[in-house]
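Note that the structure is a prediction, hence the values are computed from the model and not measured.
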Amino acid sequence: MLKTLCSAAALIALAASPSMAQDIEAETPAPRLMSSYATIDYSLQSDRENILFLDLSNGERVAIRLMPDWAPNHVERIKRLTRQGFYDGVIFHRVIEGFMAQTGDPTGTGQGGSDLPDLEEEFNPMPHVRGTVSMARAQSEDSANSQFFIVFYPRFSLDQNYTNFGRVIAGMDAVDAINRGEPPTNPTRIVQASLAVDNRPAPSPAQLASPPSEEISADDLNAPIGQ
C-alpha cells in the first residue's frame with residue numbers, strides 16, 4: 001500500500017513539473033532585441049526635451065540626442081543635473097586620443113560626482129560607435145553618478161559594460177578638438193550645458209574665455225573606464 005502511495009505521489013510530481021518549469025520561465029523576462037530599441041533622430045528641431053547642448057570653451061557647440069528608451073534613469077539624471085547647472089564650468093579631465101573624452105566631475109579629478117545616489121546599470125545592446133555618449137563608472141556596475149564620456153572611435157568592448165544613453169548629432173568636430181591629456185595641461189571645459197527645449201542663451205565671448213586652471217596631477221585621477 002505504501003509503495004502504491006509513493007508511486008502515485010511521484011506521478012503527481014512529474015505531472016506538475018512541466019507547469020512549474022513554465023512558471024519559472026514566465027517570470028524571467030526575455031531580453032529585448034536590438035531592433036526593438038528606439039532609433040536616433042538627428043533632427044535638431046524634434047523632441048527638443050531630449051537634446052543636450054554642450055557649449056565648450058573652444059567656442060563650439062555639441063548637440064547630443066538623449067535616448068530615454070535606452071536608459072531612462074540615466075537620461076533623467078543627466079537632464080536633472082543639467083537643469084541644476086551642475087555641468088557648467090566642468091572640464092574634460094580625461095581625454096585619450098583614439099578613445100574618448102570624459103567629463104562630469106566638478107572636482108576635475110575623476111573622483112567626484114553629484115550628491116545624488118549612484119545609479120543602477122541600464123546596460124543595453126546599443127554599440128559604442130563614434131559619437132556615442134555613455135556613463136562612466138567605477139568598478140561596480142551600479143556606480144554611475146554624473147560623469148560621462150564621448151567616444152572618438154568605435155570601442156565595442158564597452159558594449160553592455162557601460163550604459164550607452166545617447167549620441168552626438170551635431171558638432172562632432174568640436175568633440176574632436178577637445179584637448180587631450182590625463183589631465184590635459186589646458187583642459188577644455190563645458191561653459192554651459194542646457195536642454196534645447198529650455199532655450200538658454202548661448203554663452204557670451206567673456207564666458208567662453210578660459211579662466212586660470214588649477215594644477216591637477218595625474219595621481220589625482222582615477223580610471224573608471226576599462227579599455
Side-chain angles (χ1 to χ4, degrees), residues 34 37-72 74-83 86-88 90-105 122-137 144 146-181 184 187-200 202-203 208 224-225 227:
M34 187 180 293
Y37 285 83
T39 57
I40 298 165
D41 183 350
Y42 286 86
S43 170
L44 293 175
Q45 304 307 316
S46 61
D47 189 17
R48 290 172 61 82
E49 172 68 26
N50 287 305
I51 295 177
L52 172 67
F53 287 143
L54 301 180
D55 290 297
L56 305 184
S57 57
N58 59 20
E60 302 292 336
R61 167 171 279 189
V62 179
I64 296 167
R65 171 65 67 186
L66 303 175
M67 300 298 293
D69 181 60
W70 299 1
H74 285 68
V75 167
E76 179 58 33
R77 171 62 57 84
I78 294 293
K79 290 164 69 171
R80 179 176 178 179
L81 292 177
T82 295
R83 285 188 162 124
F86 179 87
Y87 293 115
D88 296 355
V90 173
I91 68 169
F92 284 86
H93 64 270
R94 184 168 182 252
V95 187
I96 302 175
E97 179 64 42
F99 184 15
M100 58 88 222
Q102 184 173 332
T103 186
D105 173 14
E122 291 180 303
F123 300 157
N124 55 68
M126 309 313 292
H128 283 72
V129 297
R130 175 171 164 81
T132 286
V133 187
S134 194
M135 213 69 171
R137 62 174 175 83
S146 65
Q147 295 188 44
F148 61 90
F149 59 94
I150 305 174
V151 178
F152 292 128
Y153 294 103
R155 189 60 68 100
F156 301 129
S157 61
L158 303 180
D159 295 356
Q160 302 200 58
N161 286 302
Y162 294 85
T163 298
N164 183 340
F165 67 88
R167 183 80 58 80
V168 173
I169 58 174
M172 192 62 197
D173 55 336
V175 176
D176 291 334
I178 292 172
N179 293 335
R180 271 56 167 173
T188 303
R189 61 191 173 94
I190 300 171
V191 177
Q192 175 178 284
S194 64
L195 298 176
V197 71
D198 292 341
N199 294 312
R200 286 184 66 182
L208 291 173
I225 300 176
Q227 297 188 45

Heavy-atom check, side chain of Ile78 versus side chain of Tyr87, under 4.5 Å:
yes
Does the cation-pi check pass for Arg155 over Tyr162, that is, NZ or CZ under 6.0 Å from the six-membered ring centre and within 45° of its axis?
no
Between Leu158 and His128, the two heavy atoms sitting closest are O-CE1, 3.5 Å
So which atom in Pro187 and which in Ser57 form the shortest heavy-atom distance, rounded to 0.1 Å?
O-OG, 4.4 Å
Does the side chain of Arg65 come within less than 4.5 Å of Asp47's, by heavy atoms?
yes
When every non-hydrogen atom of Phe53 is compared with those of Ala196, the smallest separation belongs to CE1-CB, 3.5 Å
So, for Ala101 and Ile178, which heavy atoms are closest and what is the spacing to 0.1 Å?
CB-CD1, 4.0 Å
Exam field: side chain Arg137 to backbone Asn161, donor-acceptor pair closer than 3.5 Å
yes
With Pro125 via side-chain contact (heavy atoms from CB on, under 4.5 Å) - residues at least two apart
Met34, Tyr37, Gln160
Is it the case that the side chain of Asp69 and the backbone of Ala38 share a donor-acceptor pair, with hydrogens and angles ignored and the cut-off at 3.5 Å?
yes
Are side-chain heavy atoms of Asn164 and Phe123 found at a separation under 4.5 Å?
no
For His74 and Ala144, the nearest pair of non-hydrogen atoms, with its separation, is NE2-CB, 3.9 Å
With Arg200 as partner, the option from Asp55, Thr82, Leu195, Asp88 fulfilling side-chain contact (heavy atoms from CB on, under 4.5 Å) is Asp88
Sorted by first residue and then second, give each salt bridge (charged side-chain N to carboxylate O under 4.0 Å, His left out) pair with at least one member in residues 165-176; sequence neighbours left out.
Arg130-Asp176
Could you tell me which non-hydrogen atom of Ser146 sits nearest to which non-hydrogen atom of Gly104, and how far apart they are?
OG-O, 2.8 Å
Strictly distance-based, threshold 3.5 Å: is any side-chain N or O of Gln102 a donor or acceptor partner for the main-chain N or O of Ala136?
no
For Arg83, check salt bridge (charged side-chain N to carboxylate O under 4.0 Å, His left out) against everything at least two apart and list the hits.
Glu49, Asp198
